[in-house]
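Lettering follows sequence order; numbering is per chain, from 1.
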Number of protein chains: 4
Amino acid sequence: MATPHVRKGDTRHRIQDVALSLFAEQGYEKTSLREIAEHLDVTKAALYYHFKTKEDILISIVDDLARPVDELIDWAEGQPRTLATKQEILRRYSETLWGAAELFRFMQENQATVRELSIGETFKSKIQALGELLKEPEYSMTDQVRCITALFSMHAGMFAMQSIEGDPDDKRAAILEVAQGLIADAHRDAHRGQTDTP
Amino acid sequence: MATPHVRKGDTRHRIQDVALSLFAEQGYEKTSLREIAEHLDVTKAALYYHFKTKEDILISIVDDLARPVDELIDWAEGQPRTLATKQEILRRYSETLWGAAELFRFMQENQATVRELSIGETFKSKIQALGELLKEPEYSMTDQVRCITALFSMHAGMFAMQSIEGDPDDKRAAILEVAQGLIADAHRDAHRGQTDTP
Amino acid sequence: MATPHVRKGDTRHRIQDVALSLFAEQGYEKTSLREIAEHLDVTKAALYYHFKTKEDILISIVDDLARPVDELIDWAEGQPRTLATKQEILRRYSETLWGAAELFRFMQENQATVRELSIGETFKSKIQALGELLKEPEYSMTDQVRCITALFSMHAGMFAMQSIEGDPDDKRAAILEVAQGLIADAHRDAHRGQTDTP
Amino acid sequence: MATPHVRKGDTRHRIQDVALSLFAEQGYEKTSLREIAEHLDVTKAALYYHFKTKEDILISIVDDLARPVDELIDWAEGQPRTLATKQEILRRYSETLWGAAELFRFMQENQATVRELSIGETFKSKIQALGELLKEPEYSMTDQVRCITALFSMHAGMFAMQSIEGDPDDKRAAILEVAQGLIADAHRDAHRGQTDTP
DNA sequence: TATGAATGAGGATTCATTCAT
DNA sequence: AATGAATGAATCCTCATTCAT
């Protein structure tokens, strides 16, 4: 069952893995193809058999790992715009984020780089789409800020909560709770005085 | 009376200005010293008369612009740890952030780069210090997350709120309001059932 | 059958050859990689494919060419410490020196440079080892000086004897003769009054 | 009597001193004007007030310190070409060498550099002149080599005798003794069978 | 499916030198 | 007698990329 030497067709994936972890650790610009190749014990030229350019490696990683976000958006667009839906969006987004933590950390910490790359726009628009699904046009500005903050607090949560002690899973739950609280606040504000919440 | 050429002694500052705006726009790594020099109509070597290395340029900028954060921390450490103090910390931090928006945007968008530079640790510890001034040890994990989120929501607010329409100053006020709300929530939670709030 | 272009795999050696002759002619510091590359009709970057640094080029040359000295030391350490052995050491050293004249001339004329490089110590210790094989602890100081002088006179002989007319091979023989004479003097002094020479 | 701050007109000499010691320590090429200036707590530009170029600094040092060699040659040319004269030449040369040890060490260790500089030829011709005063045209090649070796052994002696234990002055005396011995050998060879030595 | 060899463009940095003040 | 500011040319080196094999 165990494969003695690396499985055929594996190299492409191994490149992506090593590349992502180096990109996340050192940044995109500071990671050279030589370095990636060395970690894999292949030559730089081998990378070019599998990918057209350095940027291509990154794109392929992002494409693979960002699909769940697309699926989340697709799903959400088919749901009623209730508070419960929004809470569920956040819950699922939390899962997505932690499922591809290295990638999102990379995106977060290399925004200046990513902005110039073709993936930049793509990503930004996806998060914006998510934002649109959380806030409502009639919300006050403050409540709109609450919605966007809910989203970004989860991003920040991935690396900025080191000063808080505790089990990672508990922390993640707490972060989600705070984000959901923000959405709930916005929702309550907007529907104050109404009998029925949609 | 008007200075026909650039004022004497100005070059050092002009370098910092141009460098910061290029760093913020394109990222640190993608900005070459040649580019900075060309924007200033001097030679690369002139930069080296004023700064020892490329990193040194950045350090000098950060040193100048991050002083207000130090002052804020100093001030805050002399205040009672009341809710009002914390609200005021956030208000002042908001001011600081917008007073040096380009720098903070740079720090935010180039974290991977900054992490490896000597300023990385410096900055991280300052923000952590601020965080410590907002949260209390006896807070629940959720409330601690609220405090850290309050801080980071203001960072995120500087560039992630483009999807919200409205006057920038209003937006900034709304962001501050949300951040202060988070702190207030944490405070209320922690003191629920008590007659007196400190 | 004739190779129209340079033979494959040759480049590494060609770099070493050109580098050594330029280093010897102009000195290490004054020889730029650009110059070496131009002599070879390749780009500077090509040099970096074959060698990690400029110093590395030099190290590789020294490693290759200094091996005979190691072999000489190894051989000598297995021999009895007689006068005949010492004379033979000098004879072989003479051969070694002339077999890699360019390198030794370089080492001689670039001591200040070489001293800071990693090869500096290496070389110094080898020559010291040779010196130890020539002199004996019980020798008078003068006789020890004779031994060291014997060694160094052969180095000096490689470039300092231009004021003497004559066939190079004859000159070399004469230099060796003088060196051997110095050793013989030292030996005679030390054993004066003894019946047997070891 | 003591001058509280550096004596007027001193700077020129201080530059020469610092420059020579840095040149000797690190080599000419590796010593930058910045470094010299820093050691003196002046600016690079100040060096240019006193000297026209970097090479000029070196030339001025050499001119000052090499004068004794000229005087030695002048003196020797007025003496009879006897063995005693030659011994005295060596003795005086030994004195000269140790009187300006740093300079001679520099010349010895930076030959490749010095060769390209204008002083190179100057120096070489002086040593050659000394050589001519030691050897005689009718000497055998071996004896001519003895004479040149006598000269160079004193140079080598300045730094190559570290493997010999003992008081520096004793060592210097031993080196001179060996050099004089070589000259004596040459002389004896040449006059073997003659009743009278000139 | 890869490699060995190479390139062209560009990077940061250092240097000797100049000149107005 | 010396400085502050700057330059132009050069340095070593690294990178993403290419292509014949």
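The shortest distance between side-chain heavy atoms of D:L65 and D:L20 falls below 4.5 Å. When side chains are defined from C-beta on, C:F106 counts as touching C:V114, because their heavy atoms get closer than 4.5 Å.
Separating the CD1 atom in A:I57 from the CZ atom in A:R12 is a distance of 9.5 Å, to the nearest 0.5 Å.
Along DNA chain F, the nucleotide nearest to B:L47 and the one nearest to C:R34 differ in position, and the one closer to the 5' end is contacted by B:L47. For A:K30 and B:T43, each mapped to the nucleotide of DNA chain F holding its nearest heavy atom, the one lying further toward the 5' end belongs to B:T43.
Between D:H50 and F:dA2 there is a side-chain N or O to OP1 or OP2 distance below 4.0 Å. Considering only side-chain N and O atoms, C:T11 lies nowhere under 4.0 angstrom from the phosphate OP1 or OP2 of E:dA5.
Between the CZ atom of B:R12 and the C1' atom of F:dA6 there is a distance of 16 Å, given to the nearest Å. Atom P of nucleotide F:dT14 and atom CD of B:E29 are separated by 16 Å, given to the nearest angstrom. Taking atom CG on B:D56 and atom P on E:dA12, their separation rounds to 14 Å, with Å as the unit. Rounded to an integer number of Å, the gap from CG of B:L40 to P of F:dA6 is 10 Å. If you take CD1 of D:I36 and C1' of F:dA2, they are 17 Å apart, rounded to a whole angstrom. Distance D:D41 CG to F:dG4 P: 12 Å, rounded to the nearest Å. Rounded to an integer number of Å, the gap from D:F51 CZ to E:dA16 C1' is 16 Å. As a whole-Å value, the separation of B:H13 NE2 from F:dA5 P is 13 Å.
For the side chain to side chain contact (heavy atoms under 4.5 Å, CB included) test, residues two or more places apart in sequence or in another chain that qualify with A:F159 are A:Q108, B:Q111. With sequence neighbours excluded, no residue forms a side-chain hydrogen bond (donor to acceptor under 3.5 Å, both in side chains) with A:S21. A:E121 pairs by the salt bridge (charged side-chain N to carboxylate O under 4.0 Å, His left out) definition with nothing, not counting sequence neighbours. Taking the side chain to side chain contact (heavy atoms under 4.5 Å, CB included) definition, one finds that D:T31 meets it with D:L22, D:F23, D:Q26, D:E35, D:I36, sequence neighbours left out. Judged as a salt bridge (charged side-chain N to carboxylate O under 4.0 Å, His left out), and not counting sequence neighbours, the contacts of C:D64 are C:R67. Remark: A:K126 engages A:D70 in a side-chain hydrogen bond (donor to acceptor under 3.5 Å, both in side chains) (not counting sequence neighbours). Residues meeting the salt bridge (charged side-chain N to carboxylate O under 4.0 Å, His left out) test with A:E25, sequence neighbours left out: none. Taking B:K52 as the reference, nothing meets the salt bridge (charged side-chain N to carboxylate O under 4.0 Å, His left out) condition, with sequence neighbours excluded.
Contacts between residues 113-120 of chain C and DNA chain E, defined by a heavy-atom separation under 4.0 Å, are absent.
Every pair passing salt bridge (charged side-chain N to carboxylate O under 4.0 Å, His left out) that includes a residue from residues 101-118 of chain D is listed here, sequence neighbours excluded: C:K30-D:E116, C:E109-D:R115, C:R115-D:E109, D:R105-D:E109.
Checked against F:dT7, E:dT7, E:dA2, the side chain of C:V42 finds its nearest nucleotide in E:dT7. Comparing F:dT7, F:dA1, E:dT7 by their nearest atom to the side chain of D:Y49 picks out F:dA1. When distances run from any side-chain atom of B:S32 to the nucleotides E:dG11, F:dA10, E:dT7, the shortest one goes to E:dG11.
For DNA chain F, if you chain together Watson-Crick or G-U pairs that step i with j, i+1 with j-1 and so on, the runs of at least three with distances under 3.5 Å are E:2-21 with F:2-21.
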Table of protein N/O atoms under 3.5 Å from nucleotides 17-21 of chain F N/O atoms:
unit_1	atom_1	unit_2	atom_2	d
F:dT17	OP2	A:Y48	OH	2.9
F:dT17	OP2	A:K54	N	2.9
F:dT17	O5'	A:Y48	OH	3.2
F:dT17	O4	A:K44	NZ	3.4

